[in-house]
Amino acid sequence: MRPARERISPVVRSLPPSGIRRFFDLVAEMKGVVSLGVGEPDFVTPQHIRDMAMYSLEQGYTSYTSNYGILELREAISDYLEHFIGNVYDPRREILVTVGVSEAVDLALRAILEPGDEVIIPEPCYVSYKPCTVLAGGVPVVVSTTVQNGFQLTARDLEPHITERTKAILLCYPNNPTGATLSYENLEGIASIAAKHDLLVISDEIYGELTYSGRHVSIASFPDMQERTIVLNGFSKAHAMTGWRIGYAAGPSDIIAAMVKIHQYVALCAPITAQKAAREALLHGDHEKERMKNRYDERRRLIVRGLNEIGLACFEPKGAFYAFPSIAVTGMSSEEFAERLLQEEKVAVVPGNAFGQSGEGYVRCSYAASVDNILIALERMARFVERHRRI
Amino acid sequence: MLRKRLLEILQDSDRYTPAQLATMLGVTEEEVKATLKELEDSGVIIKYHAVIDWEKSGEEIVTALIEVKVTPQREVGFDDVARRIYLFPEVRSVFLISGDYDLSVVIEGKSMREVAFFVAEKLATIEHVQSTATHFVLKKYKQNGVIIGEPEQNHRLEVSP
């Protein structure tokens, strides 16, 4: 038999293990932990959506669907996008329903990349972007964002990283883990760079609905950008449907067709029950969506203020449900901070370096947690910081 | 808008300090205090109240819903009878309702016997009360918007991306 290390592809071997996975294992061993480490809503999917899923099962909807997803859902997505970002997509050719946005990221990268193509990714970033780029044969090119510019990618920071091999820019705003959104000016700047260098943009807008000040603006809505942008979105965050695994991609028909080619071989289609539920969420879920968003917004203000008060400087997140405070006052690395906070005070946060080196010196605190738990966590963190303050 | 959002939070829980409420709503503490005072003074907020699961506390409490038919009186309609009923400390709530009967009265007592006694001796004998029908509460599932017993769990992992 081949030696163990040769059985696994070198590309997969080259991927680092997820920082979140390691931390999850630590937390799983402990009891009584207050967790701010969770990247998903603390609400259960609204009842009417669950009812629709059960009803569809009762009606016998248990089969495969079109590779693209059921047409009624794609039509609902098309209407939604027209209203939400102002772009019109043909539901028959320009929208693909995927197994969560995670699959859509993978499909988009695999559909467009040739070996060695570079993808520009602002960091800190969601954990899968760089590995998915590598798995698709591409080369992730990281552009660090900093608290000084509100963790926003700017045209000025972006342009020096563009080479002849640059194929795409992968954006995620509102951002996981920082909660940053992109200002209109920055979006405009990035759009003009994309046009100037003929780049594609993969825009993960899964947190778009969770924008707390102003309205979400998609880069795809800028002039001439629809033809070079793949908008990714889904139901996990805004509709509290993480476990249903329904995402979608909307973009130029040739790219969507290429993504469908891969999708039909690896997933065939998203689960029909979840697709039926997702359509219900789009058609009748606004009220619940708004209610949950208001709750997140209240908690956002509370946690940001609380973190600042205990000395963990936190810029104001404008979207998603994460606060990303600096832990500089403790002089610890983000892993040390998270691990010791867990051991000493039983509060789980995610080390910032799980989201790339640019996240070092920060931790991610999810405020998709009850107000009571946020207050308890803040109290414990205050004790911890008081004990370990070095500056 | 501030009033509505403040009321929504308070209906959920009244445990937060004005400073915490101010932060949650993005306004000043003074604004919260002033709005709270206005809401209290104008009777919009009637009382801050805990929702208690007596079964868990070990105390025995019997709750009954009583349908009461009333002969309305000139000038005061049902109000006078309702007043006579709600002044009893055993009575937790009184509603005038449409339908087959007139007043819906919620009573709490230490035992079924005590409740039965109250209905027979005090409630049914009030002038203009025509009849009563008593329904004992066997189990409470939800009260004042709060799920009693096992609230729905979100089975999340402790850490996720």
Side-chain angles (χ1 to χ4, degrees), chain A residues 18-30 33-45 47 102 126-128 176-177 212-213 240 242-243 291 294-295 297-306 309 338 342 348-351 354-355 364 366 368-372 374-375 378, chain B residues 1-36 38-39 44-45 48-53 56-57 140-161:
Chain A
S18 161
I20 284 187
R21 178 73 237 170
R22 198 187 85 76
F23 209 66
F24 171 75
D25 292 341
L26 274 179
V27 176
E29 291 165 12
M30 294 185 70
V33 172
V34 176
S35 182
L36 303 181
V38 186
E40 61 178 316
D42 60 323
F43 301 102
V44 179
T45 308
Q47 187 62 43
S102 308
Y126 180 62
V127 295
S128 81
N176 175 5
Y212 304 106
S213 54
T242 50
R291 185 182 68 84
N294 284 340
R295 297 290 90 78
D297 192 15
E298 289 156 12
R299 299 160 182 188
R300 174 180 73 104
R301 296 168 196 272
L302 200 63
I303 197 167
V304 171
R305 179 164 185 173
E309 278 173 1
L342 181 66
V349 297
V350 180
F355 308 96
R364 190 191 75 176
S366 163
S370 70
V371 171
D372 288 344
I374 289 171
L375 293 174
L378 285 171
Chain B
M1 190 61 190
L2 170 63
R3 278 166 57 110
K4 183 163 176 270
R5 289 191 66 182
L6 190 57
L7 289 171
E8 279 172 358
I9 296 176
L10 290 173
Q11 192 172 35
D12 205 31
S13 174
D14 60 12
R15 293 175 60 193
Y16 309 128
T17 64
Q20 286 165 345
L21 291 169
T23 306
M24 286 161 81
L25 294 165
V27 296
T28 64
E29 204 175 324
E30 284 64 41
E31 277 178 272
V32 166
K33 283 181 178 163
T35 310
L36 279 177
E38 182 205 319
L39 288 166
V44 175
I45 295 176
Y48 297 96
H49 197 72
V51 179
I52 293 165
D53 185 350
K56 267 198 186 139
S57 80
K140 288 183 182 173
Y141 293 100
K142 192 174 186 180
Q143 189 179 347
N144 293 10
V146 180
I147 293 167
I148 309 279
E150 291 299 317
E152 189 166 57
Q153 294 292 316
N154 186 344
H155 306 275
R156 297 189 301 175
L157 304 172
E158 296 283 5
V159 176
S160 65

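Because the structure is a prediction, the values reported are computed rather than measured. Labels below follow one simple rule: chain letters A, B, ... track the order of the sequence lines, proteins then strands, and each chain is numbered from 1. As a basis for the values below, the full set of heavy atoms in this structure was taken, side chains included, without hydrogen atoms, waters or symmetry mates.
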Bottom line for A:R21: the part with an atom under 4.5 Å from chain B's heavy atoms is neither

Heavy-atom distance under 4.5 Å to chain B: side chain of A:P41, backbone, both or neither? backbone

Flag the one option from A:V304, A:D372, A:L36 with the top tally of heavy-atom pairs under 4.5 Å to chain B. A:D372

With a 4.5 angstrom heavy-atom cut-off, could you sort out which part of A:V350 is near chain B: side chain, backbone, both or neither? side chain

Among A:I303, A:V33, A:V27, which has the most heavy-atom pairs under 4.5 Å with chain B? A:V27

Working to the nearest 0.5 angstrom, can you tell me the gap between B:E152 CD and A:T45 OG1? 9.0 Å

Side-chain contact, heavy-atom cut-off 4.5 Å: B:R5 with A:E298? yes

For A:A338, is it the side chain, the backbone, both or neither that has a heavy atom under 4.5 Å from a heavy atom of chain B? neither

Is atom CD of A:Q47 surrounded by more than 12 heavy atoms (other residues, nucleotides or ligands) closer than 6.0 Å? yes

In terms of heavy-atom contacts, B:P161 and A:I20 come closest through CA-CD1, 3.4 Å

With a cut-off of 6.0 Å (strictly less than), are more than 12 heavy atoms of other residues, nucleotides or ligands near CZ of A:R291? yes

Determine the minimum heavy-atom distance between B:V159 and A:F24, stating which atoms define it. O-CD1, 3.5 Å

Please check if atom OH in B:Y48 has more than 12 non-hydrogen atoms from other residues, nucleotides or ligands closer than 6.0 Å. yes

Does any backbone or side-chain atom of B:Q153 lie under 4.5 Å from a heavy atom of chain A? Answer side chain, backbone, both or neither. backbone

side-chain contact (heavy atoms from CB on, under 4.5 Å) partner of B:Q20, chosen from A:L375, A:V371, A:I374: A:L375

Which bit of A:Y126 is near chain B, if near means a heavy-atom gap under 4.5 Å: side chain, backbone, both or neither? side chain

Heavy-atom count check: over 12 atoms from other residues, nucleotides or ligands less than 6.0 Å from B:Q11 CD? no

Looking at A:R300, A:R299, A:R295, A:R305, which has the largest count of heavy-atom pairs under 4.5 Å with chain B? A:R305

Contacting region of A:V38 [heavy-atom separation from chain B under 4.5 Å]: both

Got B:R156 and A:D42 here, is their nearest side-chain heavy-atom distance under 4.5 Å? yes

Spacing of A:S370 atom OG and B:D12 atom CG [to the nearest 0.5 Å]: 10.0 Å

Check whether B:S160 reaches the backbone of A:G39 with its side chain - one donor and one acceptor, N or O, closer than 3.5 Å. yes

